[in-house]
*Asks:* 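Structure below; questions to follow.
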Amino acid sequence: GMSPDGPQTLAICDFIAEAMLLGPSILAQSSAALSAHIELNCRYEVSEVLGAAVISASLLRAISGATPPWVVEDTPVLFKSMHTALGNNSELFIESLLVSTKLETMTEVGGLRAGEKLSGRYLDASDSHINSFLGKAEEIVARNDWKKMKVVLKSATG
């Protein structure tokens, strides 16, 4: 079968980064598509914030061990594209990261158990861990220093 260790992983990362630049509607459509297959415990309506949160949660789970360790190197570009897709609105971006740490599946699907965090076990953590992650992400956005996001992501996701 296909391994995530190959060049297709780089191609997927590049594709996602470029696709998000199509704007907020692509984010809203992402959450609508996922919600059609996975029931989430979420108070948010289908929107660009929920879409960004779903994508963020997926990325956070991926770099928590679902993909090869080197994938985290390209992840800051994905988050920067997401910020751009949200109209460079830092508050919406941080809100979407917060929501991404709260999303839970309501039913078992694939490798996810009911009640499991979509973002993975490392972000099923204390409020102080989540707040530290969000605070550091907020600093990165304020400074427009996306390269440092890699260190923040590694710290947050184990």
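Atoms considered below: every heavy atom in the structure, side chains included; atoms not considered: hydrogens, waters and symmetry mates. Source: prediction; values computed, not measured.
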*Asks:* Name all pairs fulfilling the side chain to side chain donor-acceptor pair (under 3.5 Å) condition that reach into residues 101-112, sequence neighbours left out, sorted by first residue then second.
*Replies:*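 For residues 101-112, and leaving out neighbouring residues, the side chain to side chain donor-acceptor pair (under 3.5 Å) pairs sorted by first residue read E104-K117.
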*Asks:* For V77 and A17, work out which heavy atoms get closest and say how close.
*Replies:*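 Answer, listing the atom of V77 first, then A17: CG1-CB, 4.0 Å.
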*Asks:* Do L103 and V54 touch side chain to side chain, with heavy atoms closer than 4.5 Å?
*Replies:*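 Yes, side chains in contact.
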*Asks:* Could you name each residue pair satisfying ring-ring contact (aromatic ring centres under 6.0 Å, His included) that touches residues 94-113, not counting sequence neighbours?
*Replies:*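 Output for this query is empty, none listed.
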*Asks:* To the nearest 0.5 Å, how far apart are CZ in R61 and OG in S56?
*Replies:*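 It is 14.0 Å, given to the nearest 0.5 Å.
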*Asks:* Would you list the atom pairs, donor with acceptor, under 3.5 Å between side chains in residues 86-100 and any protein atom, with sequence neighbours excluded?
*Replies:*
| unit_1 | atom_1 | unit_2 | atom_2 | d |
| --- | --- | --- | --- | --- |
| N88 | OD1 | H83 | ND1 | 3.3 |
| N89 | OD1 | E91 | N | 3.0 |
| N89 | OD1 | L92 | N | 3.0 |
| S90 | OG | H83 | NE2 | 3.3 |
| E95 | OE2 | Y44 | OH | 2.9 |
| S96 | OG | F93 | O | 2.6 |
| S100 | OG | L97 | O | 2.6 |

*Asks:* First locate atom CD of E138, then atom CZ of F133, and finally report the distance between them rounded to the nearest 0.5 Å.
*Replies:*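 So the gap between those two atoms works out to 11.5 Å.
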*Asks:* To the nearest 0.5 Å, what is the distance between CG (L60) and OG1 (T75)?
*Replies:*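 OG1 of T75 is found 9.0 Å from CG of L60.
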*Asks:* Check for a donor-acceptor pair, side chain of E116 on one end and backbone N or O of R113 on the other, with a separation under 3.5 Å.
*Replies:*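 Yes, because the side chain of E116 sits within donor-acceptor range (under 3.5 Å) of the backbone of R113.
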*Asks:* Enter the distance from D74:CG to L59:CG here, rounded to the nearest 0.5 Å.
*Replies:*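 Taking CG in D74 and CG in L59, the distance rounds to 11.5 Å.
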*Asks:* Could you tell me whether a side-chain N or O of S155 sits under 3.5 Å from a main-chain N or O of V151, the two making a donor and an acceptor?
*Replies:*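 Side chain of S155 to backbone of V151, a donor-acceptor pair under 3.5 Å: no, none is there.
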*Asks:* Tell me the salt bridge (charged side-chain N to carboxylate O under 4.0 Å, His left out) pairs involving residues 19-40, sequence neighbours left out?
*Replies:*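 Residue pairs with at least one partner in residues 19-40: there are none.
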*Asks:* Is it true that a side-chain atom of S132 and a backbone atom of S128 form a donor plus acceptor pair closer than 3.5 Å?
*Replies:*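 Not a single qualifying donor-acceptor pair exists.
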*Asks:* Nearest 0.5 angstrom please: L118 CG to I38 CD1, how far?
*Replies:*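 L118 CG to I38 CD1: 6.5 Å, rounded to 0.5 Å.
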*Asks:* Of all residues at least two apart in sequence or in a different chain, which pass the salt bridge (charged side-chain N to carboxylate O under 4.0 Å, His left out) check with E73?
*Replies:*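 Testing E73 for salt bridge (charged side-chain N to carboxylate O under 4.0 Å, His left out), a comparison that skips the adjacent residues, returns K150.
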*Asks:* If the condition is side chain to side chain donor-acceptor pair (under 3.5 Å), which residues does N144 pass it with, not counting sequence neighbours?
*Replies:*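 Listed in chain order: W146.
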